[in-house]
Protein chains: 2
Amino acid sequence: MAKESASAAVTSADVARLAGVSRATVSFVLNDTQAHRVSDTTRARVLAAADQLGYVPHAAARSLRAGRSNLVLMPTSVSAVGRLVSAWLDDLHSELERHGYTTVLHAGRFSDAVGAARAWAELRPAAVVALDGGSLTAEAAGVLRRAGVRAVVGFAARPVEGVYTVAFDHARIGALAAEHLISRGRRRIGVVMPKERGLDTFARPRLAGAESVAARSTSTVNAVEMAYTRQSAAELAARWSELGLDGVFAYNDEYAALLVRALQDEGISVPEDVAVVGCDDLVLAALERPALTTVRLDLPAPARIADALHTLVDTGKAPGMPGMEPVLIHRQSS
Amino acid sequence: MAKESASAAVTSADVARLAGVSRATVSFVLNDTQAHRVSDTTRARVLAAADQLGYVPHAAARSLRAGRSNLVLMPTSVSAVGRLVSAWLDDLHSELERHGYTTVLHAGRFSDAVGAARAWAELRPAAVVALDGGSLTAEAAGVLRRAGVRAVVGFAARPVEGVYTVAFDHARIGALAAEHLISRGRRRIGVVMPKERGLDTFARPRLAGAESVAARSTSTVNAVEMAYTRQSAAELAARWSELGLDGVFAYNDEYAALLVRALQDEGISVPEDVAVVGCDDLVLAALERPALTTVRLDLPAPARIADALHTLVDTGKAPGMPGMEPVLIHRQSS
DNA sequence: CACAGCGTGTAACGCGTGTAACCTTGTTCG
DNA sequence: CGAACAAGGTTACACGCGTTACACGCTGTG
């Protein structure tokens, strides 16, 4: 309470001193070491001392000694994850906590895969889970493994060497949207590419998926850039007629909603003039006027991911995981 | 490349061995230690060896030795932060990175302030920055300080002992909304309380602010619960007539948009029957029909927060920070 | 009485770093 | 020619912790 001046952190040695025992005994008591018995009286003294000093173990020192940490690192910028994923992330966090892991998000910039991996590796996490599988090259995974990371997990379309890959095919999303638009008779299809950084690793494969579908038909696909601002949407809508698009996959429900509004303000009607498809099936998608056609993503159950991660850390092997299979939800905007 | 079998992490001792020098020399080279000179030839050998082995320093061991870490911990669940804050978080992250800090988000549950603080303290961060000032009691701050955390920063209405508080008055937000609704002639005002966990620390003071304003007038304030789902909004709208509310502060632009849609579906018109006020001034707020009246929050500049944090970690003192001053944006929904 | 057995406690080591202190060698200067 | 010095390298220690091996005192038994 009154030891305000003591700026140095409390260590187990302080607890030992106060309790009048050795540091080893303190360790045995606080960790409930079964292999070693301590008398009830000294145990009580140690616990009292620890409580009085407000002792908290030093995670770094502990995992340094143990040779392994209980940290799970999830590299992702906060603003890059939408409502859908953020709720999923929270659940996954809870599940991992039940397994004794400390989950932590790190919003690194993804410009350089190996550089990013190096930064993550410094923390020596037990596992690295990248939602953005694109940031995990085989080389980056190598950096992590060499730094002792037990489990390197990535959400990606195709397996990467050294990465435990959970199937997550963004190209399939784009393909699904394009197939739907074509089946609705649209021939000149736009795909919105967000200008916001961090989203291109998701957006690019979606575009590619749409393009590959169009290549097998008489329809065409064009990328159109747009930032998530009112102005950018308005600018895009203003030059819509010269683009001559009659269908658009808007990356996201939020981008879709923004674009629809801008188009309507320009006198372009949805779905008559332009059919619009979003993604994520957010709450707002069903509420839009017209209600948004969207691609729903059923994310893998957090509990199963957590289990797989745990056995992966423990044994080095893990069972195959069910991936994500996108489903198109047809509503009024297309 | 081929050393797949070597599961042990590579250490600076490995680099030293390969380069044929002592471990100390490796450290001098890799850290560019000015106090000690190293010949160019050995420097080159060391760098080559480090590169070949893919050596990455062990952050925990380093900060253990140094006695301080460069970790900044921000406790917050991902889904609790809206678009507004998440963009701000990313900026703050960048700024802190420029100062050499590694920023990390931890989505702990806030049921027990001291327990949470203890968990954070285990990581021995240089600083803890809590957007949710409510989770930082004086006692929790004590736990952190005793564990050696140099800077404990909280965003809160009133200063907490041992916490460097950045003024962030959620009550003021609720008050502003209530004042506006009253000035628009509304007398029975509802305040939406999200059912989602983690949001109540923000929602409660907003409600309290609205209540204190109403207490000084002839208007009344009632809390109404609502989850961020279509169904919950519909249920609330269904019993709206019996609530008899003619104005509502909907916590958030997103909740507001959802509620407005549900009310309209119920045949209740906005703003004629009910005036609605949101918060955050998101992009979607201006797009809604009717356009949403909202409370804009000017968050403190990330660069200034980062600077203050840095001097706080270094010197223990920091200049006063400009806080957040909410501003009401009047649009058509009220 | 010696010795094994058991219950409790402690000394000591190493995890991977950074750095102060200390050597060794060659060069310069009084 | 001895001393002083600079350059370039190494040895040794400490950071906080968990754990292995060992020491000590006591009891029961041959």
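Chain A is the first sequence line, chain B the second, and so forth, proteins listed ahead of strands; every chain is numbered from 1.
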Decide whether A:D307 and A:H99 meet the rule of one side-chain donor and one side-chain acceptor closer than 3.5 Å. yes
Can you check whether A:V78's main-chain N or O pairs, donor with acceptor, with B:D90's side chain at less than 3.5 Å? yes
Separation of D:dC17 P from A:N31 CG (nearest whole Å): 10 Å
Main chain of B:A126, side chain of B:S69: is a donor-acceptor contact present, judged purely on distance under 3.5 Å? yes
Establish, yes or no, whether a centroid distance under 6.0 Å links the rings of A:F155 and A:W88. yes
Distance-only criterion, 3.5 Å: show the donor-acceptor pairs between side-chain atoms of residues 18-28 of chain A and protein atoms not counting sequence neighbours.
{"residue": "A:S22", "atom": "OG", "partner": "A:A24", "partner atom": "N", "Å": "3.3"}
{"residue": "A:S22", "atom": "OG", "partner": "A:T25", "partner atom": "N", "Å": "3.4"}
{"residue": "A:S22", "atom": "OG", "partner": "A:T25", "partner atom": "OG1", "Å": "3.4"}
{"residue": "A:S27", "atom": "OG", "partner": "A:N31", "partner atom": "ND2", "Å": "3.3"}

Integer-rounded Å distance: D:dT10 P and B:R17 CZ: 14 Å
Base contacts versus sugar-phosphate-only contacts with protein, heavy atoms under 4.0 Å: please encode nucleotides 8-15 of chain C as B, S and - from 5' to 3'. SBBB--BB
Kindly calculate the angle separating the two end axes of the helix from C:dC1-D:dG30 to C:dG30-D:dC1, each obtained from five base pairs, and round it to 10 degrees. 80°
Got A:L144 and A:L136 here, is their nearest side-chain heavy-atom distance under 4.5 Å? yes
Please determine whether a side-chain nitrogen or oxygen atom of A:S27 lies at a distance below 4.0 Å from atom OP1 or OP2 of D:dC17. no
Give the rounded distance in Å between these two atoms: CZ of A:R68 and P of D:dC17. 18 Å
Give a yes or no on whether the backbone of B:A35 and the side-chain of B:T33 come within a donor-acceptor separation of less than 3.5 Å. no
So does A:G162 get a backbone contact from the side chain of A:R145, meaning a donor-acceptor N/O pair under 3.5 Å? yes
Over how many whole Å does the gap from A:Q34 atom CD to D:dT20 atom P extend? 14 Å
